[in-house]
Amino acid sequence: MDELQVLNHANLSDTVYATLCDALMKGRFNPGDRLKIRDLAEQLGTSVTPVRDAILRLSHDDALVFQTARNIQIPHMTKARYLEIRAIRLRLEALAAETAASVASQKDIQDLRRILDANEKALAEGDRLAGAELNQAFHFQLATIAKLPTLHSILRRLWLQMGPLIADVYLAGGRDMIDYHYAVLKSLERHRPKDAAEAIMSDILNGGKVLLDKVQGP
């Protein structure tokens, strides 16, 4: 697990929660990691109370398993759970891509291209965490371009659960983790909503094969 930044904020409970959410979505925790409230509080420079509150909220988000204060774990993804999340993502992210292709500006296209360029660099350098973070940024940017904040919030919860798995297998996925994004970008450049929806679904299905191979049955 990577070190987390020290916090200094009036509303520590919300800040700790947001910080841990960000770490989960970006793959800074691995499936099976056990978390200790006191260790997290020390890293973040807070008391244990806001960390405990954040842990409880994350357990309600299904992002971790909180059985007791001494038994908190990043869950391993099961096959059934992965397939359910994938089915939801296919519908929602297709909507985001389709809508984004209808409204994308030149600046939006440039922003996506910058994410892809940085992702190429991370992949070439074998930087697992940067690659996973940029992969997430690309997907979320589509919802941002589409101006669909409610959809964006739903995706955040799904990616809380997916982040550790994606980062865990990111390098093993190789080019499949990025190549399908170029078809999405091209569809937005040409303002072809249907093509954009099909491209992002191809990314989730084909780029996600390495994820399906990794998850535990049933």
Side-chain angles (χ1 to χ4, degrees), residues 1-2 4-5 7 9 11-31 33 35 40 44 50-51 53-66 72-78 81-100 103-104 108 111-112 115-116 118-119 128-170 177 181 184 196-197 200-201 203-205 207-208 211 215:
M1 183 183 73
D2 280 14
L4 303 176
Q5 293 182 345
L7 300 177
H9 194 282
N11 193 338
L12 283 178
S13 292
D14 287 345
T15 306
V16 170
Y17 174 73
T19 299
L20 294 179
C21 283
D22 191 61
L24 282 161
M25 287 188 294
K26 294 178 179 177
R28 297 184 182 276
F29 297 103
N30 297 315
D33 278 354
L35 308 184
L40 290 172
L44 297 171
V51 175
D53 290 345
I55 293 294
L56 285 170
R57 289 172 68 180
L58 287 166
S59 69
H60 290 308
D61 290 333
D62 296 321
L64 51 80
V65 177
F66 182 19
I72 305 166
Q73 188 175 10
I74 306 298
H76 288 283
M77 183 71 68
T78 65
R81 186 181 178 198
Y82 172 77
L83 290 174
E84 180 184 5
I85 292 173
R86 189 182 72 174
I88 297 168
R89 286 185 61 204
L90 285 169
R91 296 294 185 91
L92 294 184
E93 296 198 36
L95 174 61
E98 183 179 63
T99 307
V103 301
D108 293 329
D111 289 342
L112 283 173
I115 292 172
L116 273 175
N119 206 345
R128 176 180 67 90
L129 289 179
E133 179 177 346
L134 290 159
N135 176 69
Q136 178 233 308
F138 185 92
H139 285 261
F140 278 33
Q141 189 65 19
L142 295 175
T144 298
I145 293 170
K147 296 180 174 61
L148 296 172
T150 302
L151 188 151
H152 195 289
S153 296
I154 296 170
L155 288 180
R156 281 180 60 84
R157 177 162 183 177
L158 296 178
W159 280 72
L160 282 176
Q161 300 175 54
M162 292 295 299
L165 174 63
I166 292 172
D168 190 37
V169 303
Y170 190 81
M177 304 303 284
H181 289 180
V184 178
I200 199 66
M201 288 192 289
D203 175 58
I204 294 169
L205 289 170
L211 304 177
V215 295

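This structure is a prediction, so every number in the text was calculated from the model and none was measured.
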Interatomic distance, Leu58 atom CG to Asp53 atom CG [nearest 0.5 angstrom]: 11.0 Å
Note, Phe66 side chain near Leu56 side chain (heavy atom, < 4.5 Å): yes
Test log, rule side chain to side chain contact (heavy atoms under 4.5 Å, CB included), inputs Ile74 and Asn30: CA-CA 7 Å; Ile74 306 298; Asn30 297 315; over 6 Å; no
Separation between CG of Leu92 and OG1 of Thr150, rounded to the nearest 0.5 Å: 11.0 Å
Exercise: identify the closest heavy-atom pair between Gly27 and Arg128: O-NH1, 3.9 Å
Pairwise side-chain contact, His139 with Asp203, heavy-atom cut-off 4.5 Å (strictly under): yes
Residue pairs involving residues 88-99 (criterion salt bridge (charged side-chain N to carboxylate O under 4.0 Å, His left out); sequence neighbours excluded): Arg89-Glu93
Arg86/Leu205 under side chain to side chain contact (heavy atoms under 4.5 Å, CB included): CA gap, chis, key distance, verdict: CA-CA 8 Å; Arg86 189 182 72 174; Leu205 289 170; 3.8 Å; yes
Criterion side chain to side chain contact (heavy atoms under 4.5 Å, CB included) on Leu211 and Met162, from CA distance to verdict: CA-CA 9 Å; Leu211 304 177; Met162 292 295 299; 4.0 Å; yes
Shortest non-hydrogen contact from Arg81 toward Pro75: NH1-CG, 3.7 Å
Considering all heavy atoms, the nearest Ala146-Val103 contact: CA-CG2, 4.3 Å
Where at least one partner belongs to residues 135-153, residue pairs that pass salt bridge (charged side-chain N to carboxylate O under 4.0 Å, His left out), sequence neighbours excluded: none
With Tyr82 via side chain to side chain donor-acceptor pair (under 3.5 Å) - residues at least two apart: none
Reported CG-to-OG1 distance for the pair Leu142 and Thr99, which is rounded to 0.5 angstrom: 10.0 Å
Distance-minimising heavy-atom pair for Leu148 and Ala96: CD1-CA, 4.3 Å
Qualifying salt bridge (charged side-chain N to carboxylate O under 4.0 Å, His left out) pairs, either residue in residues 151-163, two or more places apart: Asp62-Arg157
CG on Leu44 to CG on Leu20, rounded to 0.5 Å: 6.0 Å
Student check: side-chain heavy atoms of Gln141 and Ile115 closer than 4.5 Å: yes
Side-chain H-bond candidate by donor/acceptor type, Asn119 with His181, under 3.5 Å: no
Heavy-atom closest pair, residues Ala100 and Ile145: CB-CG2, 3.8 Å
Contacts of type salt bridge (charged side-chain N to carboxylate O under 4.0 Å, His left out), residue Asp108, not counting sequence neighbours: none
Ile55/Leu64 under side chain to side chain contact (heavy atoms under 4.5 Å, CB included): CA gap, chis, key distance, verdict: CA-CA 8 Å; Ile55 293 294; Leu64 51 80; 4.0 Å; yes
Separation between CG of Leu158 and CD1 of Ile85, rounded to the nearest 0.5 Å: 6.0 Å
Ring pair (Phe, Tyr, Trp, His ring centres under 6.0 Å) involving His152 - partner list, sequence neighbours excluded: Phe140
Distance in Å, Ser153 OG paired with Leu155 CG, rounded so as to fall on 0.5 Å steps: 9.0 Å
Distance-minimising heavy-atom pair for Pro31 and Pro164: CD-O, 3.5 Å
